[in-house]
Amino acid sequence: MSTSILRSTTALRTALRTAAPQTTKAFSTTAPTRALATLPDLPYDYGALEPAISGRIMELHHTKHHQTYVTNYNTVQSQITDALSTGNTAAAIALQPALTFHGGGNLNHTLFFENLAPKKQGGGQPPSGPLAKSIEMHYGSFDKMKTQFVAALAGIQGSGWAWLVQDNETGALGIRQYANQDPVVGKFTPLLGIDAWEHAYYLQYENRKAEYFKEIWGVVNWKVAEGRMK
Amino acid sequence: MQFANLTLGWILSLAQSRLGVGPLVQSKLDANTSPPPTDTTAYTLPPLDYSYAALEPHFDEETMRIHHTKHHQTYITNLNAALQDTSFASLHIDDLVARLSEVPAELKGKVRNQGGGHANHSFFWKNLTPNATALAEGSPLHKGIEHAFGSFEVFQQTFEKAATSVFGSGWAWLVVQEDGELKVVTTLNQFSPLMGAGVVGNGVAGFPVIGLDVWEHAYYLKYRNVRPEYIKAYWHVVNWDFASDRYMEARSSIAHPEL
């Protein structure tokens, strides 16, 4: 039932992505071009995160939800580029919410699927290096950080995400809620994100989101999170 | 804006007159001086007028059951917990959300989210029916829709587009605004047009005539990510009799409606 979709390593894909900047090109003031986003592969099979997240959810989440963000992000890019290249400032600005939503949705889901892993690929194993030290310093213990993270998830009204972030200036860790598909940009670097939209868990957990917020820790990839630290 | 208070006042008087509420709601809400809570001062889950399976195949039984007994119930449970040391729960829920600006600061967020959830879902269940009939062309609501949108078809397209475009959790509504005009609006999360312009803005405040829940829990089990299909299915279960009553109520409270 689950398909093997591994075609390249996470590191290779990350390198490819950083080599093809998407955002700067879209806002160039001369002959604007755009880098079309594509749906990144998952580094594991759809069923590999069971029982924490069902294969059915992973497949829908990846092939439908994330794909739709990718498709619509490309449409919005095209619309903004056209607006900017014809000097239509108002139209470009009017597209900001759509850019935030679809572009943010693409960013968030790309990072999310990367920061999950099956148990046999290290999913759920607590961090041990610099991230572990930083968590201890800022929260007292890994468990205390987790408690705060779960509280942040549980407190989200409507759709949104909770992220463990790093302050770009001070290096301090923080846990922040982001509404809808608002991405972690600007002052903070996203380290680890958990999707709290209903589609992330509903088919398996229905309204019992507290269960999902508990079980997801078994498939969290702390190595990837640590790799995102600055 | 001066319109903010006008809209709130109109919605409040409408809510109060149709509910026949007494002197308690005429005075400013104050947790310290209102009467002590009684055992009956708590919101309860209103029963549906139809079975959970009655809206099949458009709205599936499992979703209706979970939506009513879990999601709606949770809003009520949380709201009652937040209000337990007050007597606000003696207010009709529509009245409570219309008076959100008067709720003490420390309770505002909870009343907005949980109270909004209770009000919106209570309205939603009445908005649906297994015995849906088309809105009669000569009826006041149909005429009002034609006046506001040009045609019923354009209204439906406008509503569908709005419901599809909610970027996250929220609702799509057809509301009567203060000038008597119909308008399609959307709210995020559990905001309600009843909360007034001070909370949802001048362009969104109004008296709901129909409403559609577009939180994923409202459609995910059957429709997955395909929200547009769910929206199309909604037209098969809209209670236009209830909607017409709502429209006439709103219009009758306006001194000089445009039509």
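Note that this is a predicted model, so its numbers are computed, not measured. Per chain, numbering begins at 1; letters A, B, ... match sequence-line order.
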Check whether any side-chain heavy atom of A/Asp182 sits under 4.5 Å from a side-chain heavy atom of B/Phe167, and report yes or no. no
Atom pair CZ (B/Arg224) and CD1 (A/Ile57), whose distance is rounded to the nearest 0.5 Å: 9.5 Å
Rounded to the nearest 0.5 Å, what separates atom OH in A/Tyr201 from atom OH in B/Tyr220? 11.5 Å
Is the closest side-chain heavy-atom distance between A/His65 and B/Glu216 below 4.5 Å? yes
Would you say that B/His217 contacts A/Lys209 through its side chain, given a criterion of any heavy-atom pair below 4.5 Å between the two side chains? no
Scanning both residues in full, the closest heavy-atom pair of A/Tyr202 with B/Ile66 reads OH-CG2, 3.3 Å
Tell me, yes or no, whether the heavy-atom count around A/Lys214 atom NZ, taken from other residues, nucleotides or ligands under 6.0 Å, exceeds 12. no
Which bit of B/Gln190 comes within less than 4.5 Å of chain A, counting heavy atoms only: side chain, backbone, both or neither? neither
In terms of heavy-atom pairs under 4.5 Å with chain B, the winner among A/Gln181, A/His199, A/His61 is A/His199
Checking B/Gln114 against chain A: side chain, backbone, both or neither under 4.5 Å from a heavy atom? side chain
Distance in Å, A/His66 NE2 paired with B/Asn225 CG, rounded so as to fall on 0.5 Å steps: 13.5 Å
Within 6.0 angstrom of B/Lys108 NZ, more than 12 heavy atoms from elsewhere: yes
If you take all heavy atoms of A/Asn207 and B/Lys70, which pair is closest and at what distance? ND2-CB, 3.4 Å
What part of A/Gln157 is in contact with chain B, defined as an atom under 4.5 angstrom from a non-hydrogen atom: side chain, backbone, both or neither? both
What's the shortest heavy-atom distance between A/Ser159 and B/Gly168, and which atoms? OG-C, 3.8 Å
Options B/Ser165, B/Gly117, B/Gly109, B/Ser169, ranked by heavy-atom pairs under 4.5 Å with chain A, top entry: B/Ser169
